[in-house]
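Everything on this sheet refers to the single structure shown next.
Values below: all heavy atoms of this structure, side chains included; hydrogens, waters and symmetry mates excluded. To find a chain, count down the sequence lines: A is the first, B the second, and so on, and within it residues start at 1.
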There are 2 protein chains.
Amino acid sequence: MTEPLRIVIIEDEAAIRRFLRASMGPDEVEWFEAESGGEGTRLIAHKNPHLVLLDLGLPDQDGLEVLRSIREWSQVPVIVLTARGKERDKVLALDAGADDYVTKPFSIAELLARIRVALRHAARAMPATEAAYEAGGLSIDFDARQVFVDGEEVRLTPIEYRLLSELARHAGKVLTHRHLLRTVWGQAYEDSTHTLRVHMGSIRSKIESDAAYPRFIRTETGVGYRLIPEES
Amino acid sequence: MTEPLRIVIIEDEAAIRRFLRASMGPDEVEWFEAESGGEGTRLIAHKNPHLVLLDLGLPDQDGLEVLRSIREWSQVPVIVLTARGKERDKVLALDAGADDYVTKPFSIAELLARIRVALRHAARAMPATEAAYEAGGLSIDFDARQVFVDGEEVRLTPIEYRLLSELARHAGKVLTHRHLLRTVWGQAYEDSTHTLRVHMGSIRSKIESDAAYPRFIRTETGVGYRLIPEES
DNA sequence: CGTGGGCATCAAGGTTTTGTCAAGATGGAC
DNA sequence: GTCCATCTTGACAAAACCTTGATGCCCACG
């Protein structure tokens with residue numbers, strides 16, 4: 001994983017949040033914490049996390065409802081983390097779309113292992129991520145998070161990098177505006193096409209020398225953008 | 001799911017095998033039972049199951065070794081089902097590639113729910129790429145949204161592309177003006193045959209070299225258009 | 001032999017989509 | 001708190017695209 005892992009935790013007890021934070025290095029993981037279901041779903045929509053940890057006993061609404069409303073629009077892996085150990089609760093949560101169910105008190109090593117399993121599944125649902133991309137003068141080192149044009153390093157902002165990476169991971173294919181917005185920004189931004197254009201513009205100004213004849217990124221009018229797989 | 005679910009269970013206690021068999025209707029599931037690791041891996045290779053239930057305490061070899069050897073060549077979902085409840089065992093199994101870990105004695109309803117989760121994951125891992133079209137010098141790559149004539153790329157506008165795609169999806173068949181207008185423009189435009197003609201003209205000017213002898217798109221007077229499936 | 005329907009082509013005009021620039025807004029580092 | 005990099009938003013310009021009308025061809029039919 002080249003970019004830091006984004007995890008949303010929806011849990012009203014601060015002690016548990018602190019415990020989890022401490023259990024995983026802060027360098028590897030970017031934590032987003034919510035104390036209520038509403039705040040949690042908002043965070044998921046805005047931060048586009050890789051994983052969600054969800055407590056079922058929340059102050060504002062039942063965790064099961066939160067889970068169902070997330071599943072209406074997002075496929076993000078959700079691990080339910082709760083004190084409710086009844087068989088019925090487990091079955092309901094798993095069938096509502098939870099990817100795993102861990103009962104408190106839990107073993108931290110086991111939870112971490114289950115998180116790895118969930119991330120493994122999510123990674124497999126996407127096309128294989130190579131360690132690097134290289135085509136026609138443009139190369140991306142996903143491990144080092146670096147981009148080069150004809151050997152020269154180009155400095156990209158986080159959003160620019162994620163946009164270009166997404167294009168590179170599907171090099172040659174057209175990615176729709178909606179897809180890019182959902183992948184890079186998250187569900188809540190899927191109509192912000194104008195923002196997308198501005199960012200594409202700034203990527204281009206950094207990697208394209210002649211704006212009239214793009215070497216790398218081609219606009220598919222009315223649809224989206226496409227990374228040109230070979231120089232032509 | 002039109003074909004029955006195939007599940008391999010690797011477990012030396014016959015009582016548990018019988019119990020699981022009884023828990024799921026025999027009409028929906030085809031069970032394959034193995035009492036040892038070696039037999040189990042052979043069954044997986046031979047039967048290509050949708051899911052594997054694996055006991056860790058086996059007579060011939062350690063279940064963890066079985067799991068690792070399965071993972072060398074197969075991505076089939078594996079749920080570990082065992083009496084070993086130690087944290088260390090769980091972490092080892094999950095990191096070795098297990099998709100879930102259920103400790104005996106287990107609740108059958110929970111196990112079934114976890115099986116459903118595993119199958120859900122497996123179904124999602126399948127890529128959904130649309131095939132390309134290729135006939136007599138004309139090829140369409142639906143992923144890249146690109147059209148080639150004799151290897152040369154041809155750039156089409158959104159409407160042109162959708163028109164040609166619709167023709168290609170029903171290659172050889174006559175599509176009526178009305179059908180094309182409804183599919184590409186929408187119901188409200190189904191009488192704008194003149195607009196349709198102009199667009200067909202511009203597609204032709206891009207993909208046909210000799211307008212008098214069309215290689216690809218044939219006009220069916222009074223009816224509509226047809227894509228010629230083979231060069232003749 | 002003339003006429004009209006169906007079709008193809010061309011160019012003009014208007015509309016939608018995209019690109020660019022710059023001004024705030026945001027948020028983290030110090 | 002200020003500074004700095006980044007992101008979002010708005011206004012406008014540029015480009016791409018679509019529709020429409022005019023015109024001419026071909027051919028069936030009277």
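Residue contacts for B:Arg155: at a heavy-atom cut-off of 4.0 Å it reaches no nucleic acid atom on any strand shown.
Listed by chain and residue number, A:His194 satisfy the side-chain contact (heavy atoms from CB on, under 4.5 Å) test with A:Val198 (two or more places apart in sequence, or in another chain). Under the rule for a ring-ring contact (aromatic ring centres under 6.0 Å, His included), the partners of B:Tyr225 that lie at least two apart in sequence or sit in another chain are B:His177. The ring-ring contact (aromatic ring centres under 6.0 Å, His included) check on A:His179 picks up A:His170, with sequence neighbours excluded. By the salt bridge (Lys or Arg N to Asp or Glu O under 4.0 Å) test, B:Arg197 is found to be paired with no residue, residues two or more places apart in sequence or in another chain being considered. Residues meeting the side-chain contact (heavy atoms from CB on, under 4.5 Å) test with A:Arg116, sequence neighbours left out: A:Leu112, A:Ala113, B:Val91, B:Asp95. When the side-chain contact (heavy atoms from CB on, under 4.5 Å) test is applied to A:Lys206, the partners found at least two apart in sequence or on another chain are A:Val154, A:Leu156, A:Thr157, A:Glu160. With sequence neighbours excluded, the residues that form a side-chain contact (heavy atoms from CB on, under 4.5 Å) with A:Glu33 are A:Ile9, A:Arg17, A:Arg21. A:Glu208 meets the side chain to side chain donor-acceptor pair (under 3.5 Å) test with no other residue; sequence neighbours excluded.
Residues B:Arg114 and A:Asp100 meet the side-chain proximity criterion, which asks for heavy atoms closer than 4.5 Å. Using a 4.5 Å cut-off on side-chain heavy atoms (C-beta onward), A:Leu164 and A:Ile140 make contact. Side-chain contact check for B:Tyr189 versus B:Leu196: every heavy-atom pair is 4.5 Å or farther apart.
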Collect all protein-nucleotide pairs involving nucleotides 8-14 of chain C in which both atoms are nitrogen or oxygen and the distance is under 3.5 Å.
unit_1, atom_1, unit_2, atom_2, d
C:dA8, OP1, B:Arg204, NH1, 2.6
C:dA8, OP1, B:Thr219, OG1, 2.6
C:dA8, OP2, B:Tyr225, OH, 2.8

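Note that the first and last nucleotides of DNA chain D, 5' to 3', having any atom under 4.0 angstrom from a heavy atom of chain B are D:dC17 to D:dA22.
Between the NE2 atom of B:His199 and the C1' atom of C:dC7 there is a distance of 16 Å, rounded to whole Å. For the pair B:Glu208 CD and C:dC7 C1', the computed distance is 15 Å after rounding to whole Å. One atom, CD1 of A:Ile203, and another, P of C:dT18, lie 16 Å apart when rounded to the nearest Å.
Near-neighbour residues of DNA chain D inside residues 178-186 of chain B, defined by a heavy atom below 4.0 Å, number-ordered: B:Trp185.
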Task: Sequence-aligned protein contact record of nucleotides 23-30 of chain C, with B where the base is within under 4.0 Å of a protein heavy atom and S where only the sugar-phosphate is - done: --------

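Both the sub-6.0 Å distance and the 45° axial angle are satisfied by B:Arg145 relative to the ring of B:Tyr161. Taking the ring axis of B:Phe142 as reference, the NZ or CZ atom of B:Arg169 stays within 45° of it and closer than 6.0 Å to the ring centre.
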